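Let me begin by presenting the structure, written as structure tokens, before commenting on it.
Being a predicted model, the structure only gives us computed values, none of them experimental. FYI, the numbering just counts along the sequence from 1.
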Amino acid sequence: VKSKELWQEMSRCAEVAAAGGVVARAWWEELQARCAQGCLKAAAKLDHSKEQRFARYPLKYPQRRTADGCALICRYFNYGECLKGDNCPLDHDHCHYCGEKGHVAKKCIVIQ
């Protein structure tokens with residue numbers, strides 16, 4: 001057994017199994033609820049880290065052009081924040097990830 005907490009849980013499991021019936025069912029439902037909470041917390045961390053990764057490393061993505069090939073798509077605007085704003089010569093209308101017009105890579109439906 002890897003930890004004292006796990007050992008205590010396993011001991012409790014054995015006691016509950018020996019008691020049987022309603023007690024065992026209540027223990028099982030409690031265990032499922034705790035596992036579900038842990039999964040939700042882990043999922044929240046994953047979503048948060050994905051957004052941080054986009055914001056932190058926009059230049060790691062290769063340059064892309066719009067579908068007509070006329071303009072480069074701004075990576076800073078798509079994955080983080082473009083500090084140049086309206087003065088930026090790059091395109092802010094197209095998604096850098098899929099190339100479609102109307103959304104940015106952080107909210108791209110292809111990624112999700």
Q.
Please report the interatomic distance SG(C108) to CD(E100), rounded to the nearest 0.5 Å.
A. 8.5 Å
**Q.** Side-chain heavy-atom pair E81, Y76 within 4.5 angstrom cut-off
**A.** no
Q: Please tell me if the side chains of H103 and C98 come closer than 4.5 Å, counting only heavy atoms from C-beta onward.
A: yes
Q: Keeping the roles fixed (side chain from K101, backbone from C95), state whether a donor-acceptor pair exists under 3.5 Å.
A: no
Q. So, R64 side chain and Y97 main chain: donor-acceptor pair closer than 3.5 Å or not?
A. yes
**Q.** With D68 via side-chain hydrogen bond (donor to acceptor under 3.5 Å, both in side chains) - residues at least two apart
**A.** T66
Q | Heavy-atom closest contact (R65 atom, I73 atom, distance) | A | O-CD1, 3.8 Å
Distance-only donor-acceptor pairs under 3.5 Å for side chains of residues 82-93, two or more places apart:
residue	atom	partner	partner atom	Å
D91	OD2	D93	N	3.2
D91	OD2	H94	N	2.9
D91	OD2	H94	ND1	2.7

